[in-house]
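Working notes for the structure below.
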Amino acid sequence: MPLHTRDIGDSRGQGHELKVACFEDGNVILYSNNPDSGEKQRIVLMEDQWRLLLQSLLEAYGKDKCCFFDDSGMCMAEAHPL
């Protein structure tokens with residue numbers, strides 16, 4: 001049973017719904033559903049994999065895209081709203 005589940009939703013009406021489930025052992029499952037095509041997928045990320053994914057995203061897009069960094073570049077405990 002997941003510790004936390006969040007429906008990420010449909011990005012800008014593109015018809016691709018996402019849901020993330022976080023588990024006590026550190027694993028994350030990303031569920032993907034495209035209601036237009038009926039395509040469904042499930043991606044399982046172990047803790048070291050999602051940590052590397054976050055690192056890769058920060059390297060590619062920078063801290064300014066991260067909701068946990070303030071304007072001075074400091075990491076905040078709470079994310080600011082998107």
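The shortest non-hydrogen separation linking Val44 to Gln49 is O-OE1, 4.0 Å. Residues Pro35 and Glu17 approach most closely at CG-OE2, 3.7 Å, considering heavy atoms. Nearest heavy-atom pair, Glu47 versus Asp25, reported as atom, atom and distance to 0.1 Å: OE1-O, 4.3 Å. The nearest pair of heavy atoms linking Tyr31 to Ala21 is CE1-CB, 4.0 Å. For the pair Leu18 and Asp7, the tightest heavy-atom approach, listed with the atom from each and the gap, is O-OD1, 3.1 Å.
A distance of 9.0 Å separates OG in Ser72 from NZ in Lys63, rounded to the nearest 0.5 Å. Between Met46 atom CE and Leu52 atom CG the span is 13.0 Å, to the nearest 0.5 Å. The distance from atom SG of Cys75 to atom CZ of Phe69, rounded to the nearest 0.5 Å, is 4.5 Å. Taken to the nearest 0.5 Å, the CE atom of Met1 stands 9.0 Å off from the CZ atom of Phe23.
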Which is it for Lys19 and Thr5 under the side chain to side chain contact (heavy atoms under 4.5 Å, CB included) test, yes or no, and what are the steps along the way? CA-CA 7 Å; Lys19 187 179 290 186; Thr5 302; 3.8 Å; yes

Working for side chain to side chain contact (heavy atoms under 4.5 Å, CB included), residues Leu58 and Cys66: CA-CA 7 Å; Leu58 281 172; Cys66 181; 3.7 Å; yes

Apply the test side chain to side chain contact (heavy atoms under 4.5 Å, CB included) to residues Glu59 and Gln55: give CA-CA distance (whole Å), side-chain angles for both, the deciding distance (0.1 Å), then the verdict. CA-CA 6 Å; Glu59 289 171 358; Gln55 182 180 1; 3.2 Å; yes

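In the hydrophobic cluster analysis, where Ile, Leu, Val, Met, Phe, Trp and Tyr join through side-chain heavy atoms closer than 4.5 angstrom, Leu53 is grouped together with Tyr61. Leu57 and Ile43 fall within a single hydrophobic cluster, where Ile, Leu, Val, Met, Phe, Trp and Tyr side chains are chained together by heavy-atom contacts under 4.5 Å. One hydrophobic cluster holds both Val28 and Leu54 under the rule that ILVMFWY side chains link at heavy-atom gaps under 4.5 Å.
Counting heavy-atom neighbours within 6.0 Å of Met76 CE, excluding the residue itself, gives a total above 12.
A donor-acceptor contact closer than 3.5 angstrom links the side chains of Gln41 and Glu39.
For the pair Asn34 (side chain) and Gly38 (backbone), a donor-acceptor distance under 3.5 Å is absent. Trp50 places no side-chain N or O within donor-acceptor distance of the main-chain N or O of Ile29, the cut-off being under 3.5 Å.
Two residues are said to be in side-chain contact when any heavy atoms from C-beta on lie closer than 4.5 Å; Ser32 and Arg42 fail this criterion.
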